[in-house]
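The basis for the numbers below is simple: all heavy atoms, side chains too, and nothing from hydrogens, waters or symmetry mates. For clarity, every value in this text was computed on a predicted model and none was experimentally measured. Counting starts at 1 for both ligands and their atoms, in listed order.
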Amino acid sequence: MNLRVHVATGLLQGVRQVLSPHFDARPAGVEPDLIVMHGISLPPGQFGGPWIDKLFSGNLPREGHPYFAEIFGMRVSTHLLVRRNGQLVQYVPFGKRAWHAGVSQYQGRDACNDFSIGIEMEGADEVAYEGAQYDGAGAAIRALLEAYPKLARDRIVGHSDVAPGRKTDPGPSFDWDALRIAIGG
Ligand SMILES: [Zn+2]
């Protein structure tokens, strides 16, 4: 898979786009220099279905599942989702600030959303992620490294790294070596 970011729009070319209303501008002059990896499944532990798209689009139905009532009205998003089959979905242009990390800190800097790109892997902390997902994420990250010079292979962290004690994703099942190999180079 050879992907390219169209830098003027901040969109990954050839990728499904489900643009979210949950974003705003990055602080003036700030370019992304960190990638934050996440895990998500809706309802928790179940894969497939339209619910992640709906959450990030602000259309999650309160009645769809008991868990949805708990998170109903949450305004969150991410830049990219990698589905179980490796398919990518983009919700927010990379030049914009997606709302994925929440209260967070990296190397003494607060508010990682300001300077990061969020990638959600559809999965759960204790369930192995699929090989196709590492391939999909790796292809996306290669394109991001090409497009945004402040990003780097050693500036890719988990949500649990920037929000320790509050977040556990992408979890112990996430294979960081597999991601590094998929990114290549
Ligand atoms: Zn997360």
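- When distances from the Zn ion (ligand 1) to the N, O or S atoms of His38 are compared, ND1 comes out shortest.
- The cationic atom of Arg97 (NZ for Lys, CZ for Arg) does not lie both less than 6.0 Å from the six-membered ring centre of Phe23 and within 45° of the ring axis.
- The Zn ion (ligand 1) does not have His100 among its coordinating residues (no N/O/S atom, backbone or side chain, under 2.8 Å).
- The ND1 atom of His159, the Zn ion (ligand 1) and the OD2 atom of Asp169 define an angle of 110° (nearest 10 degrees).
- Ile119 is not listed as a side-chain neighbour of Ile156, based on a closest heavy-atom distance of 4.5 Å or more.
- Residues Ser116 and Arg155 form no side-chain contact, since every pair of their non-hydrogen atoms from C-beta on lies 4.5 Å or further apart.
- Between Arg84 and Glu122 there is no salt bridge, since no side-chain N of the basic residue sits under 4.0 Å from a carboxylate O of the acidic one.
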